[in-house]
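Reading through the structure tokens given below for one structure.
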Amino acid sequence: MSVAVTDPREHRTAEQASQWKLMWWAFRRHRLARWSLYIVVALYAIGALAEFFSPFDPDAASARDVFHPPQAINFIDTAPDGSWTIRPWVQGHRLVRDRFTLEQSFVVDPNRKIYLSFFGKAEPVKLAGLFTIERRFLTAAEQGERFFLFGADRLGRDMLSRVIHGTRISLSIGLVGVAMSLVLGLLLGGISGYYGGTVDMAIQRVIEFILSLPTIPIWLGLTAALPQDWSPLTRYFAITIILSLVTWTELARVVRGRFLALRGEDFVTAARLDGCSQARIIFRHMLPSLASHVIASITLAVPLMILAETSLSFLGLGLQPPTISWGVLLKEAQNIRSIAQAPWLFIPGGAVCLAVLALNFLGDGLRDAADPYAQDGR
Amino acid sequence: MLLAFIVRRILWTVPFLIAVSLVSFALIQAPPGDYLTSFAATLAASGDEVDQGRLEALRERYGLDQPFLVQYWRWISGVLQGDFGISFEWQQPVANLIWERMGLSVCLALGTLLFTWAVAFPVGIYSAVRKYSIGDYVATTFGFIGLATPNFLIALVLMYIGVIYFGSDVSGLFSEEYQNAPWSWGKVLDLLAHLWIPVIILGTSSSASLIRIMRANLLDELHKPYVVTARAKGLSEFTLLMRYPVRLALNPFVSTIGWAFPQLISGAVITAFVLSLPTSGPLLLQALLAQDMYLAGAFILLLCSLTVVGMLVSDILLALIDPRVRYQ
């Protein structure tokens, strides 16, 4: 017999692991989903700490910097005598006016370097309205100097700061909206799946009906009915409610399907024969085994919400300009003239794609991991 | 049996259509104030005399002082006779404004459906048969990007490419000389020459999901014993594929009409707005922004009815090709 000492932690077998642990193992195998998880977490962190990550106030306009092109960030700074140091900087731009057409354009000014510093001091701002911070993730080394990593919009506002602030609204509208549809979906799907019969029939017809409607015309109609003088916050919540009026159906279907499947499981029958109350059966025995599926479908519902909000705001019927979301930003890129002049106005669209893709992959991975006992058929 | 199924399915559509009309009417009713308030405001804004007598007559005609159900009844009985009310913004009957645009919308949706099928059928089969080949990965990547990119973004990017690299405007459905011309063969050809751009834009996301469905379905079938039997009997690989597993995997193609139709109609609204197509979307948006509610209501009603009818067609076709559905 060999007497190799094995670390007890390595001795993990499927028999000993809890269900959540099994899921975590299944999820970890899905490489794309794991990377997506990192991206999603990073995006939400950026959204939550928007004031810290954005170099400038997103509403600070500057007439001198209208449609300022993006500047690439350099990390190696070479001095004229050939020596070099590692220090972030961007090339300055100069505004020139054509002598005949009076058209303004920006040219690179080779003599001007704008040095940047990480965690440098800047104007103090309130972080999420809670406490004041003095330092930002990235600032100009010299206070008051402007730089534009993502370019500037038609009022000379910094696109990077705007995209970062848009992240907060766009991503949170996904979460808040899904939370609302979750309440509806769990309630109606649960009722439908647990009681079955006529109630189930009625709820299923309602869901079928909602699914057969084209969502955007309905959403447009509902948002057009919102009073124009509502405050941005009220409007924000009204829009999340409108969005979740349609999206709860998918969740309700998942919940119902799982409830129907679970109702016949042995452990539920056992609980019933043990004399558990109905509430205890539902909350103690059925809901925990539902949770993983619900989490997976939530993750897949968030990107739909984000796309819906973006579309509505893009059409001018969603959130309105003092609020910054990716859709509101893309509204600026609506006419061909401005995008031909300033293609960097597309950047929020890139952010939408990134977030939606990452959330979709994450959701796919979670859905595959949600049933760790299933044979891996991929 | 089949006939009974079809009749039952058609009967089911009736309550759905009634519900759709109720929803549309509730949407018209939702904004604060009635149409006449906004109508009077429009008149006043354009400097016209607001004639109280005329307002009263209109109020009487549309029953605006009546309860919701009475108003709904008046509206819907008008709709059934082809009278959708008047558009306050355009000062004409709504019926004059909508039909050509609805026709183009249907054209666009059907064209997109054909495109979706034409792309998803070969690509889906290919990625299932050559699973994990480079082609499969390309198709999957394209599929994910297609699903994640909002339609209007693709439209904007195509417009940008068109203007910057080809110097041409890709928006609209007609060339200038046909814009207001009556329908003729030339105009139809011109329409086809412009239609492909919105069709591609709208078709990307639905073909992406259809490719995934087709691939998954076919993968389930490919390893079943009957396939092995057929192969053992010496059937050529292509005939084998087309004759058995593909036919079984085809169901989603028919049911696409059901679920893709609402999506296409939805997506078309925004894409049409970006590309300024003369379809129903942009006019609906304009009507909603101007609170021109009879016009908006007519569009919402028709678009929703269209998707309900699409569901009906897809269910009937499904029953025709798949006996399992019929006998449920």
Turns out that what part of A/L307 lies under 4.5 Å from chain B's heavy atoms comes down to side chain
query = Can you find a heavy atom in the side chain of B/V269 that is under 4.5 Å from one in the side chain of A/S311?
reply = no
If one checks every heavy atom of A/L359 against chain B at 4.5 Å, the contacting part turns out to be neither
Looking only at A/V356, A/L315, A/L354, the option with the highest number of non-hydrogen pairs under 4.5 Å against chain B is A/L315
Closest non-hydrogen contact found for B/W12 with A/M201 is CZ2-CE, 4.2 Å
Heavy atoms of A/F314 and B/V274 approach each other most closely as CE2-CG2, 3.4 Å
Greatest number of non-hydrogen atom pairs under 4.5 angstrom with chain A, of B/F273, B/F152, B/F299, falls to B/F152
Distance col, row B/L284:CG vs A/L220:CG, nearest 0.5 angstrom, shows 6.0 Å
Most contact-rich option vs chain B, by heavy-atom pairs under 4.5 angstrom, among A/F346, A/F209, A/F361, is A/F209
Cut-off 4.5 Å, heavy atoms of chain A, and the answer for B/A296 is neither
When rounded to the nearest 0.5 Å, the distance separating CG of A/L330 from CG of B/L156 is 7.5 Å
If you draw a 6.0 Å radius around CZ in A/R34, do more than 12 non-hydrogen atoms from other residues or ligands fall strictly inside?
yes
A/R235 CZ: over 12 foreign heavy atoms closer than 6.0 Å: yes
Looking only at B/L285, B/L219, B/V23, B/V308, the option with the highest number of non-hydrogen pairs under 4.5 Å against chain A is B/L285
